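So you know, we letter chains A, B, ... as the sequences are listed, proteins then strands, and number each from 1. Note that the coordinates shown come from a computational prediction; the quantities given were computed from them, not determined experimentally.
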Amino acid sequence: MNVLVCVKRVPGTGSTILLTDDGMDVDTRHLGFTIGPHEECAVEEAIRIAADHGGQVTVLTVGPAEAAEQLRDALSMGADHAVLVDTGPGELDPEATADALVQAVRQLQDEAGARFDLVLFGNESADAGHYQVGVRVACELGLPMVGGVKGVELDTDAGTVRWRRPVAAGVEVYESSLPAAAGVAEGLNLPRYPSMRGRLRAMKAVITTLHVDVAPSGLRKTGLRRPAEERPATVVLGSGADSAGAVVDVLEELGVA
Amino acid sequence: MSVFTIIEHDDGVVPAACLQALTIAGELAAGDTVEAVVFGPDPGLGSVLAANGVTTLHVVDHELVTDYSPEIYGESLAQLLKQAGPAGVVAAGTDRGNEIMAQAAARSRLPLATNCVAVTADPGAWTLTRARVGGLLLEDAELTASTKLVTVVPGPGDDVSASPGASGLLTQTFVPDLAADFVHSRLVERTERGSGVTLATARVVVSGGRGVGSSEGFAPLEELADLLGGAVGCSRVATSNGWRPHSDQVGQTGTKVSPELYIACGISGATQHWVGCMGAKTILAINTDPEAPMVTRATYAVTGDVHEVVPAVVAEIRRRADIRAGRRPALA
């Protein structure tokens, strides 16, 4: 069961996001970066699947050269191979990102003889959130694709996989024939902390770098901005247990107590 | 040229998000027709749609179009768009709306702008604004394509039920060309959530973070939520530490809530969490740090340890209830 996981380098969850002076990009000079939370679960799930069913885990990213840092994070968790498609600084539109990923997968398949039974994505990236890159890649590769997945159940004998996803009305379970793709969501598992041994191994690992040519699509970003916040100043009701009376006054005023 | 919109429905109930998308489709059509697309047999949407300005309903009919399947719905839509060639499609930015549109966009090789908060039709292109990071950042963009695909961020509103009857709506059946071995995911099981207060729909959410300190520490929060008829939520820290299940997590990668009142207990209010609760009408923050982002953005704040403040609030609610009921309040 060989698993390919596509990850994205994104600002650390909880970072304060500043914009560049021209308002076209996020100012990355003072930011810490991480693998997107959904994708971190995808890496964890891939490692568990490979441990249970045999096979290898490959992580793939499209982005700047610095995204090698996130590939090493995945390697230190236990992924076997890492592939970087270096598209330089600046953000690609979602069609171009998908195109770069498809070209990379084809190069790995045709030139390196790789074969993937499962291709996992995060449901949406934590920064741009276009909700489509995984679907585009899956379509181009001819794979079925389910999003929002929080449970994976493999039946290797039957050559099928079941994807469990919560929806507003309850829970849906989908079945797909292998090979298959999915967009997973945080909550699928609790990603492990890398071991010291894993970190050392990741430091020494060789990252494969691929080059692709992509063209911009019909969705053109013209700028980023912050919405105006219209919250009035905070009313401090007091401190400690003594504030209980004032708190309950507010609860009654709001009609909830 | 006409503008299409997709109507999701659950046994004839149309979510508010789809009617909001329909309204925006109407604005973009600017006098041209607004046409709706529904998958599977029409449950009697005619009068609801006609009342909202729809002139034509395209009913996608095929033996494979029964239960929802992302690939089948997406491929059917792609084929319909190829045949009809509308100026654009506006769908709700729901999980399903985004999924169908992504599938259709991929199969039509068209660009797609998801989660828009504003779209205007200019000659040649649509100018739009998308929400990023749950709305904390806005992206301005231009969309140029033969058929422009967008989804719009759902806002608050009421769902509408279909009512069978004459509507004057033109109904056209569209039969997609799907091979018997068309690659797709099959819905094999569906479990309905039981009734009761859910995190996403609760009027009051009592949420805990790092300051709660342990899974046991959530007991007073549970009690407060019970008293207020609300649900318990938590921050990402509480989930990663295993204090609460991920289904309780409020935030960018968890549930986005918009209750009347959000009580944030021991939550610093990092971006990841804030985008999940910023839709709340009123926020009460309880935190030892008066400078925490959650405190400075909250409507009301209490400085203090959640382990002291929450039990005191619970006791005060009980005391007042006892007085109202004419009982002698228990001694504090």
Would you name the heavy atoms of [X] and [Y] that are closest together and state the gap between them?
X      : Y      : result
B/V302 : A/S243 : CG1-OG, 3.2 Å
B/V313 : A/V248 : O-CG2, 3.9 Å
A/P37  : B/R236 : CB-NH2, 3.4 Å
B/A113 : A/L219 : CB-CD1, 3.9 Å

At a heavy-atom distance under 4.5 Å, which candidate from [options] has the highest pair count against chain A?
options                        : value
B/A200, B/A102, B/A270         : B/A102
B/G254, B/S240, B/A106, B/G304 : B/A106
B/L187, B/T144, B/T114         : B/L187
B/D67, B/L110, B/L227, B/L136  : B/L110
B/L128, B/V314, B/T271, B/V188 : B/V188
B/R96, B/E308, B/Q252, B/H246  : B/H246

Checking [X] against chain A: side chain, backbone, both or neither under 4.5 Å from a heavy atom?
X      : value
B/L284 : side chain
B/E75  : neither
B/S247 : neither
B/A105 : both
B/N115 : side chain
B/E142 : both

Check each atom of [X] against the heavy atoms of chain B and say whether the ones under 4.5 Å are side chain, backbone, both or neither.
X      : answer
A/L254 : both
A/V250 : side chain
A/E95  : side chain
A/N189 : neither
A/V161 : neither
A/A257 : both
A/A168 : backbone
A/V247 : side chain

- Positions in residues 145-154 of chain A that reach chain B, provided some heavy atom is under 4.5 Å away: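 The stretch touches chain B at A/M145, A/V146, A/G147, A/K150.
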
- Using a heavy-atom distance cut-off of less than 4.5 Å, which residues of residues 126-144 of chain A contact chain B?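 Answer by number: A/A126, A/D127, A/A128, A/G129, A/H130, A/Y131, A/Q132, A/V135, A/R136, A/C139, A/E140, A/G142, A/L143, A/P144.
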
At what distance, to the nearest 0.5 angstrom, does [atom1] of [X] lie from [atom2] of [Y]?
X      : Y      : atom1 : atom2 : value
B/T191 : A/E172 : OG1   : CD    : 9.0 Å
B/T253 : A/N123 : OG1   : CG    : 11.0 Å
A/R165 : B/S185 : CZ    : OG    : 8.5 Å
A/L251 : B/R320 : CG    : CZ    : 8.5 Å

Only pairs of heavy atoms separated by less than 4.5 Å count here; which of [options] has the most with chain B?
options                       : value
A/H38, A/R164, A/E124, A/E252 : A/E252
A/D93, A/V26, A/V235          : A/V235
A/G223, A/S176, A/G183        : A/G223
A/P166, A/A241, A/G23, A/G238 : A/G238

- For B/T303 and A/S239, does a side-chain donor sit closer than 3.5 Å to a side-chain acceptor?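 No.
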
Would you say [X] has more than 12 foreign heavy atoms packed within less than 6.0 Å of its [atom1]?
X     : atom1 : answer
A/D22 : CG    : yes
A/R48 : CZ    : yes
B/D95 : CG    : no

- Could you tell me whether the side chain of A/T234 and the main chain of B/A298 form a donor-acceptor pair under 3.5 Å?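 Indeed, once roles are kept as given, a pair shorter than 3.5 Å links the two residues.
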
- Give a yes or no answer on whether the side chain of B/R190 reaches the backbone of A/G170 with a donor-acceptor pair at less than 3.5 Å.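 Here the side-chain-to-backbone pair does not exist.
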
- Task: Under the side chain to side chain contact (heavy atoms under 4.5 Å, CB included) rule, what do A/T222 and B/T127 come out as? Steps first, then yes or no, please.
- Result: CA-CA 10 Å; A/T222 53; B/T127 306; over 6 Å; no

- Query: Going by heavy atoms in the side chains, are A/S217 and B/R109 under 4.5 Å from each other?
  - Reply: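 With C-beta onward as the side chain, the pair stays apart.
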
